[in-house]
*Asks:* 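What follows is a single structure, and I will ask about it in a moment.
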Amino acid sequence: QVQLVESGGGLVQAGGSLRLSCAASGRTFSINAMGWYRQAPGKQREVVAAITSGGRTNYAGSVKGRFTISRDNVKNTVYLQMNSLKPEDTATYYCAADTVHMNGPASLNTNTYDYWGQGTQVTVSS
């Protein structure tokens with residue numbers, strides 16, 4: 001089992017920045033890629049950023065150039081630095097881990113991930 005706990009969400013004005021953190025515990029040695037996805041009311045779930053265990057990254061077009069994903073494999077923590085935030089970034093953000101695909105890619109497919117956190121709310125005001 002893997003447990004994921006997110007932190008760092010909040011309310012920010014458009015153009016501002018937030019940094020989300022996700023701490024993993026449990027069978028962390030089994031984690032391959034990790035990702036951040038978001039879901040807003042009435043909208044489809046979207047993986048916005050992903051990172052492999054080796055540090056390769058991938059971003060959704062909606063956040064490329066504004067968001068940066070990183071991970072600290074010693075601390076078993078993944079981060080999402082979000083800059084130039086827009087009202088449309090408002091959503092609950094979830095951390096996800098893939099323990100199935102060894103050396104798998106930084107996938108933007110939600111079906112890749114088999115563990116998720118409880119989420120942290122990000123609200124961007126205009």
Side-chain angles (χ1 to χ4, degrees):
Q1 295 287 334
V2 171
Q3 294 79 43
L4 302 171
V5 179
E6 304 94 338
S7 61
L11 173 64
V12 65
Q13 287 189 328
S17 299
L18 281 175
R19 188 192 196 205
L20 306 183
S21 299
C22 171
S25 60
R27 296 172 61 92
T28 57
F29 62 87
S30 65
I31 296 175
N32 301 296
M34 297 190 75
W36 286 94
Y37 72 92
R38 65 187 182 187
Q39 188 158 27
K43 293 189 178 179
Q44 199 167 10
R45 184 179 300 179
E46 175 188 28
V47 179
V48 297
I51 186 167
T52 66
S53 56
R56 286 174 292 146
T57 59
N58 196 7
Y59 297 93
S62 56
V63 306
K64 190 172 288 187
R66 301 188 297 121
F67 290 11
T68 302
I69 189 171
S70 60
R71 69 191 282 176
D72 183 329
N73 291 329
V74 174
K75 295 182 178 180
N76 295 312
T77 300
V78 64
Y79 305 95
L80 186 68
Q81 178 66 44
M82 305 185 295
N83 298 329
S84 303
L85 282 161
K86 304 175 181 179
E88 51 263 44
D89 295 318
T90 295
T92 301
Y93 283 71
Y94 301 86
C95 174
D98 171 16
T99 67
V100 175
H101 307 91
M102 187 176 295
N103 297 319
S107 174
L108 298 183
N109 186 336
T110 56
N111 293 328
T112 298
Y113 302 94
D114 52 321
Y115 285 95
W116 304 269
Q118 293 298 307
T120 185
Q121 178 67 35
V122 172
T123 303
V124 184
S125 63
S126 57

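We use all heavy atoms of the structure for the numbers below, so side chains are in, but hydrogens, waters and symmetry mates are not.
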*Asks:* Check whether any side-chain heavy atom of L108 sits under 4.5 Å from a side-chain heavy atom of Y37, and report yes or no.
*Replies:*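 L108 does not reach Y37 side chain to side chain.
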*Asks:* Using a 4.5 Å cut-off on heavy atoms from C-beta on, say whether the side chain of L20 contacts that of T120.
*Replies:*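 Result yes, sub-4.5 Å side-chain heavy-atom pair found.
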*Asks:* Strictly distance-based, threshold 3.5 Å: is any side-chain N or O of T90 a donor or acceptor partner for the main-chain N or O of V124?
*Replies:*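 Between the backbone of V124 and the side chain of T90 there is a qualifying donor-acceptor contact (under 3.5 Å).
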*Asks:* Any donor and acceptor pair, going by atom type alone, linking the side chain of E6 with main-chain N or O of Q118 inside 3.5 Å?
*Replies:*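 Looks like yes, one N/O pair under 3.5 Å.
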*Asks:* Decide whether T92 and Q39 meet the rule of one side-chain donor and one side-chain acceptor closer than 3.5 Å.
*Replies:*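 The criterion, which ignores hydrogens and geometry beyond distance, is not satisfied for Q39 and T92.
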*Asks:* Side chains of C95 and V78, heavy atoms from C-beta outward: is any pair under 4.5 Å?
*Replies:*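 Contact flag for C95/V78 side chains = yes.
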*Asks:* May I ask whether V12 and L80 are part of the same hydrophobic cluster, defined by side-chain heavy atoms of I, L, V, M, F, W, Y residues being less than 4.5 angstrom apart, directly or through others?
*Replies:*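 In one cluster with V12: L80, yes.
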*Asks:* Is any side-chain heavy atom of S70 less than 4.5 Å from a side-chain heavy atom of Q81?
*Replies:*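 Not in contact.
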*Asks:* Within the 3.5 Å criterion, strictly below it, is a donor on T112 or D98 matched to an acceptor on the partner's side chain?
*Replies:*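 Side-chain D/A pair, T112 to D98: absent.
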*Asks:* Tell me if a side-chain donor or acceptor on T123 pairs with a main-chain N or O of L11 at a distance below 3.5 Å.
*Replies:*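 Between the backbone of L11 and the side chain of T123 there is no qualifying donor-acceptor contact (under 3.5 Å).
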*Asks:* Please report the interatomic distance CZ(R66) to CG(N83), rounded to the nearest 0.5 Å.
*Replies:*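 So the CZ of R66 and the CG of N83 are separated by 9.0 Å.
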*Asks:* Working to the nearest 0.5 angstrom, can you tell me the gap between F67 CZ and I69 CD1?
*Replies:*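 Spacing of CZ (F67) from CD1 (I69) equals 11.5 Å.
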*Asks:* Nearest 0.5 Å, please: how far is OG in S107 from NE2 in H101?
*Replies:*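 H101 NE2 to S107 OG: 8.0 Å, rounded to 0.5 Å.
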*Asks:* Does the side chain of V63 reach to within under 4.5 Å of the side chain of M82, using non-hydrogen atoms?
*Replies:*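 No, every pair of side-chain atoms sits at 4.5 Å or beyond.
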*Asks:* With R38 as the cation and Y94 as the aromatic partner, state whether NZ or CZ is under 6.0 Å from the six-membered ring centre and within 45° of the axis.
*Replies:*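 No, cation not above the ring by the 6.0 Å, 45° rule.
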*Asks:* What's the shortest heavy-atom distance between S84 and S17, and which atoms?
*Replies:*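 In terms of heavy atoms, the two residues are closest at N-OG, 4.4 Å.
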*Asks:* Between V48 and Y113, is there a shared hydrophobic cluster once you connect ILVMFWY residues whose side-chain heavy atoms come closer than 4.5 Å?
*Replies:*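 Looking at the clustering, Y113 is in a separate group from V48.
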*Asks:* Which atom pair, heavy atoms only, marks the closest approach of G104 to T52?
*Replies:*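 For G104 and T52, the tightest heavy-atom pair comes out as O-CG2, 3.5 Å.
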*Asks:* Any luck finding a side-chain donor-acceptor pair between T99 and S30 under 3.5 Å?
*Replies:*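 There is no such pair (donor and acceptor under 3.5 Å, judged by atom type) between the side chains of T99 and S30.
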*Asks:* Roughly how far, to the nearest 0.5 Å, is the CE atom of M34 from the CG atom of N32?
*Replies:*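 Interatomic distance, N32 CG to M34 CE, rounded to 0.5 Å: 10.5 Å.
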*Asks:* Tell me, do W36 and V47 make a side-chain contact under 4.5 Å, heavy atoms counted?
*Replies:*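 No. Closest side-chain heavy atoms not under 4.5 Å.
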*Asks:* Specify the closest pair of heavy atoms between V2 and L4, including all atoms of both residues, with the distance to one decimal.
*Replies:*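 The answer is CG1-CD2, 3.9 Å.
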*Asks:* Kindly determine whether Y115 and Q1 satisfy side chain to side chain contact (heavy atoms under 4.5 Å, CB included), including the steps that lead there.
*Replies:* CA-CA 9 Å; Y115 285 95; Q1 295 287 334; 3.6 Å; yes
*Asks:* Passes side chain to side chain contact (heavy atoms under 4.5 Å, CB included), R71 versus S53? Steps please.
*Replies:* CA-CA 8 Å; R71 69 191 282 176; S53 56; 4.2 Å; yes
*Asks:* Hydrophobic clustering (ILVMFWY, side-chain heavy atoms < 4.5 Å, transitive) - are Y59 and Y79 grouped together?
*Replies:*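 Different clusters: Y79 never reaches Y59 through Ile, Leu, Val, Met, Phe, Trp or Tyr contacts under 4.5 Å.
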*Asks:* Which atom pair, heavy atoms only, marks the closest approach of A14 to P87?
*Replies:*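 Closest heavy-atom pair between A14 and P87: CB-CD, 4.1 Å.
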*Asks:* Kindly compute the distance separating CG (N73) from OG1 (T28), expressed to the nearest 0.5 Å.
*Replies:*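 Those atoms lie 9.5 Å apart.
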*Asks:* Which heavy atom of L85 sits nearest a heavy atom of L18, and at what distance?
*Replies:*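 Where L85 meets L18 most closely, the heavy atoms are CD1-N, 3.8 Å.
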*Asks:* Is there a donor in the side chain of R56 and an acceptor in the side chain of N58, or the other way round, less than 3.5 Å apart?
*Replies:*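 The criterion, which ignores hydrogens and geometry beyond distance, is not satisfied for N58 and R56.
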*Asks:* Go through the steps to decide whether E46 and S62 satisfy the test side chain to side chain contact (heavy atoms under 4.5 Å, CB included), and finish with yes or no.
*Replies:* CA-CA 10 Å; E46 175 188 28; S62 56; 2.9 Å; yes
